[in-house]
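First comes the structure, then the notes that go with it.
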Protein chains: 2
Amino acid sequence: MVSLSLSILEQPARYHRFRYETEIAGGKLGGLLYGRSGSKSCVRLTLRGADPAVCRTVIVIGGTISPDGYPHPFYMHGDSCESGAFQWRRDITAADVGKEIEICLEKVSLVCVPHGGSSGKLQKAIKRREDIQFNPFNKKISEMKYTSRNVRELRLVFQAYYIDLNGKTVPCKGAIAQTEVISDIKFQTKLEIEEAHPSEGYVHAKQQEMWLYFKDALPHTDASQYNAFLDFEGEQIVQCKVLWLKKQLMSITIPSLRGSALPEGSATADRIECSIRIVDLKSDVAAEHEFYLSRSCTLCNSLTEPAHKRSRCSPSNGGQPETEIAVISLPASDSVEVKTEN
Amino acid sequence: MVSLSLSILEQPARYHRFRYETEIAGGKLGGLLYGRSGSKSCVRLTLRGADPAVCRTVIVIGGTISPDGYPHPFYMHGDSCESGAFQWRRDITAADVGKEIEICLEKVSLVCVPHGGSSGKLQKAIKRREDIQFNPFNKKISEMKYTSRNVRELRLVFQAYYIDLNGKTVPCKGAIAQTEVISDIKFQTKLEIEEAHPSEGYVHAKQQEMWLYFKDALPHTDASQYNAFLDFEGEQIVQCKVLWLKKQLMSITIPSLRGSALPEGSATADRIECSIRIVDLKSDVAAEHEFYLSRSCTLCNSLTEPAHKRSRCSPSNGGQPETEIAVISLPASDSVEVKTEN
DNA sequence: CCGATGGGAATTCCCCCTTT
DNA sequence: AAAGGGGGAATTCCCATCGG
């Protein structure tokens, strides 16, 4: 009784840059698939249950499938790949009994096909993929509708086969493993502040508008999709308001900090260190940027507020007591509300 | 003796958005070619010398050529167009003698073909264009190398033919007219400031950095390709320094205005109106944006400089005399130099 | 030198808005 | 509602750079 089993030892990177056929022409690879663990790790499988008493050779085939299990038009290319599929084989010896065999996808890249326009290349690729006849979940590719939206996500599926003592190749129905979803790297949320203006704020200013320029186009165009904070050491957090967005630019308002308890440690410093933090609420990805608050006006150098050891609360705030941790949130208005975390 | 002549009465718009075949499928037009005079004007020709005594009918054919006169793969489509060429015909009567006949290209669009990639569509289009056999300058299209760079510029060329009294169609060698170059609209320099931050400066500030966000990607990536000015009424101009550029963002420095003569008219106003002007030195295209200089500090409201009727020159400037028209240029350093135009 | 990578330019096409 | 205009997304490809 053959009881091979196959499992994913290392998942592939969540995001991948697929390469086009034109990019890997001439013996090149490019777009190598890496494992999730590190920069140049690789996807690895574990094969168990190999026994020469019942099987001479184990073959593991790997191919692309959609997240739903339908054969996928993108294909594998590189070491141990043939006809767009990964093909691994190994003769089993007595030494393998009871051991785990590790299969490593080295130098394997995932190749995409044009799926827009009217070239029909996607259709041809679907046909090719069907012709491979590697379909562990037995799903009809013709029932799957590949669109530019969903075609850029796939899984890899692997199945073990063995050559029995009679020389017959037999699929192991139980020895199937699929990876988690690999998505086009373009789907990855990028949020990185490249520059902020002004680079220094004035601690006693009433309200300050800041511009944040991002390295990449912002993932959403709606200001409500983001939260903005000013983080101080000592866990003080001031919520800012996102005013508007441009393609690569965000405008936020820092509320008046008059009356808020600024960090103890920096009371004597000429300027207070803090950082601006923008959170994409949808993906939960955040960007940070260092920022400073000066005790003197950055424009005219005047010191309208006392700049002694510790500035007293501004009278306009009614002299609220200083708290250890304060969250000042600016709802939708100009007013400032001070909350105290327990 | 037939002596037809043909001339361009109205040149086409310098920039044009060519449409792809896929965009004009289904009886649509799109990408209409307009004349240079106005929004919906059209390209017009003048035909002279038509005389029924020698010709029964005049035919005018128009087609695309490269700026050098070689047949061009893009083609004409729409009213009076056939096989990619404009084809106009008119029977000549006695009333036409001595008159100018105006030919108007209404509802004619210019269609482009994919010229990148490996689809070979450009080659096919070149073949098609050659097959039309409309080649007034008799240039071999095979000698022309169309690349993605040069293919997006073309001229239209028109030639008159006539049907003589024997019913024979004869080309008029002298009656040829070509338009000026029509370029892809993407070649048009766009420079428009969408927002500026801060929106208001402080007249007594030492030096102010400003961010300008443009509606489109900047045409160059090198700061030296631009000049920046602050324009006041009364022709006062202050040169600013372009610090750096991002894709859609420019950072400039307004030099200290202390000691410069600000406009008379606005001496009493709370804030001084002016405008920021960015000039693309290569194309000479400029963008303007309104700006204000406040007499009180925009951050802390203080009035470190006297805010009386007319502020005296700051001592740091040695009390230079105020001039009617002053150009302050900021070369590459922090220092300010005051020039006086005669 | 070559192959791989990442960035971004160039190209093509989709689709919404405006106008008729 | 349909056509045309315009913006910009999606796709493909090119290339400078990096590391072996």
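Chain A is the first sequence line, chain B the second, and so forth, proteins listed ahead of strands; every chain is numbered from 1.
- Helix-axis bend for the helix from dC1(C)-dG20(D) to dT20(C)-dA1(D): the local axis fitted to the five terminal pairs at one end deviates from that at the other end by 10°, rounded to 10°.
- In this view, Glu180(B) and Arg36(B) satisfy the side chain to side chain donor-acceptor pair (under 3.5 Å) rule, not counting sequence neighbours.
- Applying the salt bridge (Lys or Arg N to Asp or Glu O under 4.0 Å) criterion to Arg152(B), with sequence neighbours excluded, gives Asp184(B).
- For His16(A) and Phe18(A), the distance between ring centers is under 6.0 angstrom.
- Across the protein-nucleic acid pair, Leu122(A) atom CG and dT11(D) atom C1' stand 13 Å apart, rounded to whole Å.
- A search for salt bridge (Lys or Arg N to Asp or Glu O under 4.0 Å) contacts involving Glu194(B) returns Lys246(A), not counting sequence neighbours.
- In this structure, NE2 of His220(A) is placed 16 Å from C1' of dA9(D), rounded to the nearest angstrom.
- The nearest whole Å value for the distance from the NZ atom in Lys121(B) to the P atom in dT12(C) is 8 Å.
- What separates CZ of Arg149(A) from C1' of dT11(D) is a distance of 15 Å, to the nearest Å.
- For Ser148(A), a side-chain nitrogen or oxygen approaches OP1 or OP2 of dT11(D) to under 4.0 Å.
- Under the side chain to side chain donor-acceptor pair (under 3.5 Å) criterion, Ser183(B) pairs with Glu153(B), sequence neighbours left out.
- No option in Phe74(A), Tyr75(A), Phe134(A) other than Phe134(A) meets the side chain to side chain contact (heavy atoms under 4.5 Å, CB included) test with Arg129(A).
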Do any N or O atoms of the protein come closer than 3.5 Å to N or O atoms of nucleotides 2-5 of chain C, and which pairs are they?
{"residue": "dA4(C)", "atom": "OP2", "partner": "Leu29(A)", "partner atom": "N", "Å": "2.2"}
{"residue": "dT5(C)", "atom": "OP1", "partner": "Tyr34(A)", "partner atom": "OH", "Å": "2.2"}
{"residue": "dT5(C)", "atom": "OP2", "partner": "Gly31(A)", "partner atom": "N", "Å": "2.9"}
{"residue": "dT5(C)", "atom": "OP2", "partner": "Leu32(A)", "partner atom": "N", "Å": "3.3"}

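- A side chain to side chain contact (heavy atoms under 4.5 Å, CB included) with Tyr226(B) holds for exactly one of Leu218(B), Val279(B), Leu281(B); it is Leu218(B).
- For Lys127(B), the salt bridge (Lys or Arg N to Asp or Glu O under 4.0 Å) partners two or more places apart in sequence, or in a different chain, are Asp131(B).
- The CD-P distance, from Gln188(B) to dG7(D), rounds to 10 Å in whole Å.
- Residues passing the salt bridge (Lys or Arg N to Asp or Glu O under 4.0 Å) test with Arg128(A), sequence neighbours excluded: Glu21(A).
- Residues meeting the side chain to side chain donor-acceptor pair (under 3.5 Å) test with Lys215(B), sequence neighbours left out: Glu192(B).
- A close approach under 4.0 Å does not occur between any side-chain nitrogen or oxygen of Thr22(A) and OP1 or OP2 of dT12(D).
- Across the protein-nucleic acid pair, Arg17(A) atom CZ and dC15(D) atom C1' stand 11 Å apart, rounded to whole Å.
- As rounded to whole Å, 9 Å separates atom P of dT11(C) from atom NZ of Lys186(B).
- The ring pair (Phe, Tyr, Trp, His ring centres under 6.0 Å) check on Trp211(B) picks up His197(A), Trp244(B), with sequence neighbours excluded.
- The side chain of His115(B) contributes an N or O atom lying less than 4.0 Å from OP1 or OP2 of dT12(C).
- Shown here are the disulfide (SG to SG under 2.5 Å) partners of Cys42(A), two or more places apart in sequence or in another chain: Cys104(A).
- Contacts between residues 71-81 of chain B and DNA chain C, defined by a heavy-atom separation under 4.0 Å, are absent.
- Protein atom CG of Asp184(A) is 11 Å distant from nucleotide atom C1' of dA10(D), rounded to whole Å.
- An OP1 or OP2 oxygen of dT12(C) is reached within less than 4.0 angstrom by a side-chain nitrogen or oxygen of Tyr20(B).
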